[in-house]
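Here is the structure we will look at, set down as structure tokens.
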Amino acid sequence: SATEVCEGQEIVFQNASEYVETYEWRIDDQLIGGEDMLSHIVDLTGVHSISLTTINPFCDVEQSAEFNVIASPVIEVSGTAEICPGEEAVLFASGAETYTWNTGAEGETITVSPSQTTTYTVTGMVASNVCDGDASFVVSILELPIVGFASSDNILTSSSAASYQWFNNGILIEGATNQTLEITEDGNYSVEATGDNGCVAMSDEVFVAYVGINEQWKENLSIYPIPVSKNDVLNIAGVNLAAITYIRITDRAGKVVFE
């Protein structure tokens with residue numbers, strides 16, 4: 001029976017005759033070599049003939065054999081090619097009956113969560129075939145948006161992103177989905193930002209003090225002198241101070257200077 005080799009596999013033929021001066025190797029009647037040993041790769045599947053003619057001054061001897069080039073299974077891999085950090089990608093292999101991945105996993109499907117861009121390779125085999133095939137798939141890691149925000153005069157402004165969601169004390173603020181947020185109370189504020197690539201990142205929580213007064217006091221309230229220097233007396237007039245149970249005064253940076 002014909003020797004079986006896989007498509008694209010190197011096949012080596014070695015002369016075993018003695019007292020030979022010249023060699024003629026032929027595959028399918030085509031002369032391809034004149035050395036003692038022949039190394040050849042045949043990509044055309046099917047049964048092929050190999051012959052060697054050994055020549056010396058006294059005689060020519062020809063020997064022949066057959067080899068069968070078997071097609072390897074064509075393996076394909078599909079799945080999620082790009083993920084955000086911390087997410088998972090599911091990869092699917094097809095084209096064979098059994099599969100072994102370079103992660104050590106077996107089976108047609110694997111779930112991976114790489115920390116950096118990674119190439120995954122799978123080798124597939126068919127039970128009726130001595131040959132295997134392989135394919136590779138790259139899972140790329142996208143970048144998270146860089147998230148932070150600044151505070152000025154009760155206005156919080158996030159760094160640029162595709163979309164936003166603001167939080168106060170860890171609680172989602174309904175409707176607060178713009179790049180800026182006008183606050184009306186003290187709190188530990190943070191913003192969740194989504195980048196153009198769909199990845200989401202959360203800023204650190206930052207305590208922000210609300211700087212302002214109630215609307216009902218604004219018309220009559222008078223505060224002087226402004227600015228206030230060290231050891232000055234700050235006067236507050238125009239409101240019923242007896243009704244006030246708590247006063248906090250902060251500087252522009254939110255630092256409490258009186259409470």
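Side-chain atoms are counted along with the backbone in the values below, which use heavy atoms only and exclude waters and symmetry mates.
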query: Just wondering, are more than 12 heavy atoms of other shown residues or ligands nearer than 6.0 Å to CG in Asn197?
result: yes

task: Please say whether more than 12 non-hydrogen atoms of neighbouring residues, nucleotides or ligands are located less than 6.0 Å from CD1 in Ile155.
output: yes

- line: To the nearest 0.5 Å, atom OG1 of Thr121 lies from atom CG of Asn102 at 4.5 Å

field: Approximate separation, where rounding is to 0.5 Å, of Asp196 CG and Ser160 OG
entry: 7.5 Å

- request: Please round to the nearest 0.5 Å and tell me the distance separating atom CD of Glu82 and atom CG of Leu142.
  value: 5.0 Å

query: So Glu192 and Phe167, side-chain contact (heavy atoms from CB on, under 4.5 Å) or not? Walk me through it.
result: CA-CA 8 Å; Glu192 182 183 77; Phe167 294 79; 3.8 Å; yes

- request: Please name the pair of heavy atoms, one in Asp134 and one in Thr123, separated by the smallest distance, quoted to 0.1 Å.
  value: CB-OG1, 3.9 Å

field: Between OH on residue Tyr120 and CG on residue Leu91, distance to nearest 0.5 Å
entry: 7.0 Å

message: Minimum heavy-atom separation for Ile110 and Ala105, please, with both atom names.
response: CG2-CB, 3.7 Å

- prompt: Which heavy atom in Asp29 sits nearest to a heavy atom in Ser49, and how many Å separate them?
  reply: N-OG, 4.4 Å

message: With rounding to the nearest 0.5 angstrom, report the SG to CD distance, Cys131 to Glu4.
response: 7.5 Å

- prompt: What's the shortest heavy-atom distance between Pro145 and Ala201, and which atoms?
  reply: O-CB, 3.6 Å

- prompt: How far apart are the C-alpha atoms of Thr177 and Tyr164, what are their side-chain angles, what is the distance that settles it, and do they pass the side-chain contact (heavy atoms from CB on, under 4.5 Å) test?
  reply: CA-CA 5 Å; Thr177 56; Tyr164 314 87; 5.5 Å; no

- prompt: Is the closest side-chain donor-acceptor distance between Thr119 and Ser136 under 3.5 Å?
  reply: no

Shortest non-hydrogen contact between Ile50 and Glu66, atoms and distance: CG2-N, 4.4 Å

- request: For Glu143, look at atom CD and say whether over 12 heavy atoms of other residues, nucleotides or ligands are found less than 6.0 Å away.
  value: no

field: Test item: Leu31 and Trp25 side chains (from C-beta on) under 4.5 Å apart, heavy atoms
entry: no

- request: Determine yes or no for a side-chain-to-main-chain donor-acceptor pair under 3.5 angstrom, with Thr180 supplying the side chain and Leu156 the backbone.
  value: no

query: With side chains defined as the heavy atoms from C-beta onward, is the minimum distance between Thr54 and Glu62 less than 4.5 Å?
result: no

- prompt: Honestly curious: do Ile173 and Phe149 fall in one hydrophobic cluster under the side-chain, below-4.5 Å linking rule?
  reply: yes

query: Judged by atom type as modelled, is there a donor-acceptor pair below 3.5 Å linking the side chain of Thr103 to the main-chain atoms of Trp101?
result: no

- request: Please confirm whether the backbone N or O of Asp132 pairs with a side-chain atom of Ser72, one donor and one acceptor, at under 3.5 Å?
  value: yes

message: Would Thr45 and Ile70 count as a side-chain contact (heavy atoms from CB on, under 4.5 Å) here? Give the steps.
response: CA-CA 6 Å; Thr45 59; Ile70 301 173; over 6 Å; no

- prompt: Going only through I, L, V, M, F, W and Y residues with side-chain contacts under 4.5 Å, is there a path from Val200 to Trp166?
  reply: no

message: Any heavy-atom pair between the side chains of Met202 and Ser190 that's under 4.5 Å?
response: yes

Spacing of CG belonging to Asp186 relative to OH belonging to Tyr210, to within rounding of 0.5 Å: 10.0 Å

query: Any chain of hydrophobic side-chain contacts (each under 4.5 Å) joining Val122 to Val112?
result: yes

- prompt: If you group Ile, Leu, Val, Met, Phe, Trp and Tyr by side-chain heavy-atom gaps below 4.5 Å, do Leu144 and Ile83 land in one group?
  reply: no

field: Check: Ser158 main-chain N/O paired with Gln179 side-chain donor or acceptor under 3.5 Å
entry: yes

message: Assess the residue pair Val69 and His48 against the criterion (side-chain contact (heavy atoms from CB on, under 4.5 Å)); give the C-alpha distance rounded to whole Å, side-chain angles, the decisive distance to 0.1 Å, and a yes or no.
response: CA-CA 8 Å; Val69 179; His48 301 272; 3.7 Å; yes

- prompt: Would you find a donor on one side and an acceptor on the other, under 3.5 Å apart, between the side chain of Asn56 and the backbone of Phe58?
  reply: yes

- prompt: Do you reckon Val139 sits in the same ILVMFWY cluster as Tyr99, going by side-chain contacts under 4.5 Å, direct or chained?
  reply: yes

- prompt: What are the two closest non-hydrogen atoms of Ile75 and Ala135, and how far apart are they?
  reply: O-CB, 3.3 Å

query: Is the closest side-chain heavy-atom distance between Ile55 and Glu24 below 4.5 Å?
result: yes

task: Indicate yes or no for a side-chain donor-acceptor contact from Glu87 to the backbone of Cys84 under 3.5 Å, with no hydrogens or angles considered.
output: yes

field: Neighbour count >12 (heavy atoms, 6.0 Å) for atom CD, Glu76
entry: no

